[in-house]
Amino acid sequence: MKNKRVFQANLFAFILLGLYAIAPSALIPIFEKMNISSSSYIVLPQILLLLVPTIVYFMITRYSVKDTLKLKR
């Protein structure tokens, strides 16, 4: 069981690296058309490329967010 989780986490990290390599070429034209401020231009891709895939990861794997992120008190 543990090896499967390690593989899935490594695959997730690999996919994130791929997104960081490819996404700017797709996001730059969209942001230019939206006329957003420079601070949003920096923060928005971070939100899109970190939070969205993480939410999708938890939806696909159906692991407990509390257990996976060690949010127990």
With Asp67 via side-chain hydrogen bond (donor to acceptor under 3.5 Å, both in side chains) - residues at least two apart = Lys72

Residue set satisfying side-chain contact (heavy atoms from CB on, under 4.5 Å) with Ser39, at least two apart, ordered chain then number -> Ser37

If Ile, Leu, Val, Met, Phe, Trp and Tyr residues are connected whenever their side-chain heavy atoms lie under 4.5 Å apart, and connections chain through other members, are Leu48 and Ile42 in the same group?
-> no

Listed pairs under 3.5 Å, donor-acceptor, residues 14-30 side chains, sequence neighbours left out:
residue : atom : partner : partner atom : Å
Tyr20   : OH   : Gln46   : OE1          : 3.2
Ser25   : OG   : Ile22   : O            : 2.8

Return each pair, listed once, that meets side-chain hydrogen bond (donor to acceptor under 3.5 Å, both in side chains) where at least one residue sits in residues 49-61; pairs must be two or more places apart or across chains.
-> none

With sequence neighbours excluded, what pairs up with Ile36 under the side-chain contact (heavy atoms from CB on, under 4.5 Å) test?
-> Phe31, Met34, Ser40, Tyr41, Leu44

All side-chain contact (heavy atoms from CB on, under 4.5 Å) counterparts of Lys66, not counting sequence neighbours = Ser64, Leu71

State plainly whether one hydrophobic cluster holds both Leu49 and Val43, where clusters connect Ile, Leu, Val, Met, Phe, Trp and Tyr through side-chain heavy atoms under 4.5 angstrom apart.
-> no

Apart from Met59 itself, its cluster of hydrophobic side chains linked below 4.5 Å comprises Ile55

